[in-house]
Structures are given as structure tokens and as C-alpha cells.
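Convention: sequence-line order gives letters A, B, ...; per-chain numbering from 1.
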Protein chains: 2
Amino acid sequence: MSGKGTTIQEVARVAGVSTATVSRTLSNPDLVRDGTKKAVLAAVEKTGYRINRAAQNLRKQQAGAILVLLPDLGNPFFSQILSGIESVLTTSDLSVLITDASGIKQSQLVGYFQDTRADGIIILDGAIPHGVLKELIEVVPDNRAVFACEWKPDTKLPSIRSDNQGGAHQAVAHLVELGHRKIGHVLGPRGNVLTKERLTGFERAMLEFDIDINSNWLIDGGEFSLEAGAQAARQFIELDELPTAIFCAADLIAMGLISEFAKHGISVPNDVSVIGFDDIAIAYRFIPSLTTIRQNRIQLGVLAATTLMNSLSGRSMPAENNVQLVDVLLVERESTAPLS
Amino acid sequence: MSGKGTTIQEVARVAGVSTATVSRTLSNPDLVRDGTKKAVLAAVEKTGYRINRAAQNLRKQQAGAILVLLPDLGNPFFSQILSGIESVLTTSDLSVLITDASGIKQSQLVGYFQDTRADGIIILDGAIPHGVLKELIEVVPDNRAVFACEWKPDTKLPSIRSDNQGGAHQAVAHLVELGHRKIGHVLGPRGNVLTKERLTGFERAMLEFDIDINSNWLIDGGEFSLEAGAQAARQFIELDELPTAIFCAADLIAMGLISEFAKHGISVPNDVSVIGFDDIAIAYRFIPSLTTIRQNRIQLGVLAATTLMNSLSGRSMPAENNVQLVDVLLVERESTAPLS
DNA sequence: GCAAAATCTGTAATCGATTACATAATCATT
DNA sequence: AATGATTATGTAATCGATTACAGATTTTGC
């Protein structure tokens, strides 16, 4: 009944068997005879037994938890990915530890593994410093880390990501279809892989559509944030000529840009069309509602968690350079319009 | 050097002392002589020893983690609170487990304590069902749970919350100051404590300013979400007369409302002023930028974590019905304007 | 310099589950 | 019914840290 502090010994006593049998019944039922099994389960029920994770973890030399490393807990982009991760991991007995890379010291990160607080890690932050990652990989076996969303090009950890190039390409294609040929691009953080991929997709599309890239219209946002977009808007305004359409590397950038444009009397989409990337929740309700490239964030989370779980349980060894690409989707809304 | 799997035994051997001394040096240095201490620390350094948490937790009968229960991981409102919580707990050796109430079954929640995966819990979800909470309180000692942001009126757990009534009052006062007297209110989820408090603040202010409340303008949003706001807008539009100002129980509601108004040609703040509650990041960049009541989310998180930590470590017993009220702040932006 | 008090350190039990190995029970075969 | 093969269960060591208790060492007071 009480359940308070019942141990496996207690259950064994009640069921009239040894602790070994109780343990087997619970974790490897095939090994025990039906009658015994029933007796044990009855005893478990009666005593309200719950396993002691600390003891189990100590014995099995595991942590029972996986760590999720976010670049920024404050960015709404990540919450749905977390949902996806959670939904997978809670079906197993793994807990989810979440930590914010911004505040963390590198030794802390490695520490999670060294003192067995985490069995694996999902890295959502491609900006993780080289040194930290190197140290991490020394301590953490290959099969215990995966990248999701972002990644580091020169590592061989598995990576789950959206089709960023394809998305950027779709964005440009959409703008071209609307008649635009004066197209700008606000990039994300310098050096970020997503920035690079989306830029590559942008360039490929421009080449394909035979449009010259005007380097004045290629603006370095510096980060995936509202303020980065606002800052980019100010830079655009200083120019002699504005593009007629702008592809932003993130929804937050796009919204910051549109907002700052609005403050200067530049109207989207009348004066300029803007397309974002991500499709965060607010995009649909922004004014104007934001045309964007939707990332399937739930699926990114689910795949990352599944990949890690499988590889932890040894069910499938991750291939080196194993990349899972998740499709993106153009969502047409009101921030883009035909060239008038 | 390696650090891989060095145990306290190894350190003891290297330092030429017993494991007891190593343990004491690390967790209770006052008990050991300076010379010995130095030798032990040198050995720790040399071997790269990291404590094994599972072993420590087992022996100390603790989990080394606290659980944060969110109503909805997808809501950006919570991320900063998490930052606050994290910042406090990582300074101690506690890990942060995060879980989403929406998907969780009640037994799972209690399970975190029964199998010693969590030492304490921060509940950010006042909508937690009565049954679950009751069960939780039976299992979890009083000093191991705190409410943050939301709470249940009929429990005596400590609670850290914003001054919701005061905030609502400020919101109305702001509107009245701008000359408005036809004031509406979009409520949050039915039965939610925040909804009630903010409604009470609204009513108190209206009474104080001697304005009758028009029940047509009191609209039940149903949840704290963009769609709730949009739905409320549609209800307003059906009415014979619109209020000149609307206080929304959350920023998301306000933005949904404004967005839907815009789709119907109703302009904010020209046709109607709108004020929100929370001051989430996007509020400043929404078009129009949103006048709102700012909650100090970081501080809410910090206080919640600090309160729980103190009470876990026995440093301060939480008083029953211990409520810490955090001040809110009116942030004037462009979604409210003088009555024309 | 010596006894008593105070401080430091070591021995070994303990936390609760898992599992290698040994033993017991059951089954299959002739 | 006897044998060997198979399956089920029990015994006890183990994971790595903490801590009660005892024993050793140092300090204090005179």
C-alpha cells in the first residue's frame, strides 16, 4: 500500500522468492515461470514497490538520463523540439535534463558524463566551441551524442536536421514565382552552419534562376533574433535602392525586420516582400502573417531522441556521418506578394 | 589524467589515505587536517576523479535533481523562467528535469519521487488536476514542492507569483488615464487562478474608477494562446458595439486578438486600444508593439528555485501559505492610445 | 612531562538493485 | 525409471560513495 521506501528485499519476502527472481520478473520476465511471476507481481502490487533508480543506476553503471544542450532556452524555436524529445524519452525510462549552453562552463558540460549524470546528449547548439566539443567527444563515446538542427561539419556524430538548402531554395523559388528578381538575404550568425546552408541554398537558387546577387543586399544578421532583424532593416534603409523581396534566415529575423521597416514607413508586403524560416507559432498571427519555410520541429525532436535511444541501447550502431534530413515546407502567407 | 572511471578508492590509494578521508575532504573539509587535505586534493587532481552521482545518491538517499512541471513546453512564456531556475540550481549540484504536464499521466508524476528520480518539484501548472496534486502531496513531503506563477488556492505549498491583481489594476488604470471608459477584458482559461486574479484586479479597478462592467465585453478566452485571442476577436466583432479598449489576460491572447481584428479591418490602436499581460519577447516587435504588464520571469524562476533549494537543504522551513509576490511593471507601447 | 580533552583518520557496514555462478527443479528421451 | 538436457531459482558479490564507531594522534592545561 504505502509504497514509501519498499525495497526489492521487501517484495521478495512477501512473494516468498529471492531478490534475484523479483529483479528478473521485472526486467526480464521470460526467465521466470508463470506461477512465480504472478506471485511476484502480486507482491509488487501489494507493497507498492517502486524501483530505486539510484541503486539501479549505480549497479548498471548508467545515469538514466539524457542531456539536451540548447543554445538559448529563451528562443521559442526550441520548445517544440523539446516536446518531441520528451515524448520519446519518457516512453523509455530516461529522464530529460535540459541545459542552456550560454551560461554553462565547458567543464560543467563534460562533468555531466564524468560523474554519471547523463548517458547521452542531444546537442542543439552548433555554436558549441570547438574546444568543448573536442573535450566532450573524448569523454563521451561516439554513440552517445547526436546533433539536432545544428551540427559541426567536421565531426562524425549523427545529425538530424532540416533540409536547409532545400528550404532556402524553395524560398527563393517562391519569390521568383511572384515576379521578384531583386532579392536580398539576411543571414544568421556568422559561422553558423545553418547560416551557411541557407546561404548556399539561396545562392544555388539565384544561380539557377539566373539572377545576379547584389552584395549590398546580403546582410549579416549576426544572430537568430528579433533585434538582428531590426538591425538589418536599418542597414537596408541606408542603401540607395531596396530589394523588392528579402529572404530571412529565421522567422525572428523576419519579424524584427518587418517591425523596424514598419517604424520607418516601409510596408510589407506592399513595398517589399519578406519570407522567413522556421514557422514558429507566432508567424501565423504576425501582422502581416509571415510567409515562411516550416521546419517540422516535433519530428526533429522525435528523430533525435529515437536515434540516440537506439544507439544507447545498442539496437543500431549509428553510421558515421549519419545524417537524417527532414523535409521542410513552404507556407505561403501575407508577407510576400506579387511584384507590382 | 584520464578520469575515466576513477573511483574514490583510487584516489585514496594515490593519496595514501582511506576513502573516508577522501570523502570528508571533498564534502566536509573542516574535518581534515591541512596536510592531508592537500595530499587528497593533489590525488584528485592527478587522477581526474569525478564523483559517481549514482553511488552518492544511493547512499544519501537522494536524487540530485529537481523536477519542473510545465503546463506547456511550447509556450515561450516559460523559457525565461526556466533560465532563472537553471541559473540557481546549477550552482548547487542539482540537475533540472523538465516535464510537460500535458502529456504526463498522473502516476508518472508521482513516480519521479517514488523511484527517487527527483528530490523536489517546481510546479508551474496550476491546472494540475486535483487528484494528481493530492496524490503528489501524499508522496512528496511539504517542503519539497513549490508553486511558481500558477498555484492552487486550497493548498499550503509555498508559492512564488507575480502581483496579478495589481497588474490588472495597473492595466485598467493606464487605459482610464488615456480616457477610455468602455473597457473590455478577455479572460484566460476558465478556472485558472491567474484568470481569476486578473479578473478580480480588473473588477476592483473598474469599481474604483466608477465604471460599469459591460458583461458583453467580458469574453472567455478559454486558454492563454493566440487562437484564444483570435476567437475572442470574432466574438467582439459580432457585438453591436465594440469597447474602445481591451485588457487581455495574456500577450498571446492580445496578439491573436489584434491579428484577427486586423483581418477584419479593425485597427489597433486607432479603433481600439489593446493591452496584454506578460511582456514576452515578441511583444516589443509586434505590430503595433504591445503595451503590456511585464512579469519578471527571471526573478520568478530564481525565487522559486531558491525557495525550494533552501527548504530542501533545511536551511529555512517554508511557512505555510508562504506567498512571495513579485512586482509587475506597466510597459507602455503602441497598442494603446488616447481615446480620440 | 603527563593525563585528559580534542581532533583526526581508518575500518567496515550500508544504501538497493543486478547478475555470475551454483544449485534445484522440470522436461524429454529411451 | 534413469539419464541428460533444459529451465528456473537462489546465493552472494558487486557497483561507489558515506558515515557510525573505534582507534590513533595531537593539543591543552597544569
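Taking atom CZ of residue A:R117 and atom C1' of nucleotide D:dG16, one finds them 16 Å apart after rounding to whole Å. In this entry the distance linking CD of A:Q56 with P of D:dG16 reads 16 Å, nearest Å. Summarising the geometry, the separation between CG on B:D34 and P on C:dT9 is reported as 10 Å, rounded to the nearest angstrom. Going from atom CD of A:E10 over to atom P of C:dA17 covers 11 Å, rounded to whole Å. Between the P atom of C:dT18 and the CD1 atom of A:I51 lies a distance of 4 Å, rounded to the nearest Å. The nearest whole Å value for the distance from the CG atom in B:N57 to the P atom in D:dG16 is 15 Å. A straight line from NZ of B:K38 to P of C:dC8 spans 15 Å, rounded to a whole angstrom.
B:Q324 and B:T307 are linked by a side-chain donor-acceptor pair at a separation below 3.5 angstrom, with hydrogens and angles left out of the test. B:T19 and B:Q9 share no donor-acceptor pair across their side chains, judged by distance under 3.5 Å alone. A side-chain donor from one of B:Q62 and B:N57 sits under 3.5 Å from a side-chain acceptor of the other.
Every side chain to side chain contact (heavy atoms under 4.5 Å, CB included) that A:D115 has, sequence neighbours left out, goes to A:R117, B:R50, B:I51, B:R53. Scanning for side chain to side chain contact (heavy atoms under 4.5 Å, CB included) contacts around B:L325 gives B:R161, B:D163, B:V323, with sequence neighbours left out. Residues satisfying the side chain to side chain contact (heavy atoms under 4.5 Å, CB included) criterion with A:L31, sequence neighbours excluded, are A:R24, A:N28.
By the 4.5 Å heavy-atom criterion applied to side chains, A:I66 and A:L97 are not counted as neighbours. Side-chain contact between B:K152 and B:V193 is absent, with no heavy atoms from C-beta onward closer than 4.5 Å.
Rounded to 10 degrees, the angle separating the terminal axes of the helix from C:dG1-D:dC30 to C:dT30-D:dA1 is 20°, with each axis obtained from five end pairs.
Each salt bridge (Lys or Arg N to Asp or Glu O under 4.0 Å) pair with one or both residues in residues 120-133 of chain A, not counting sequence neighbours, would appear here, but there are none.
Taking 4.0 angstrom as the limit, A:Y49 places a side-chain polar atom (N or O) nearer than this to OP1 or OP2 of C:dA17.
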TODO: Produce a footprint string for nucleotides 8-15 of chain D: one letter per nucleotide, 5' end first; B if the base is under 4.0 Å from any protein heavy atom, S if only the sugar-phosphate is, - if neither.
DONE: SBBBBBBB

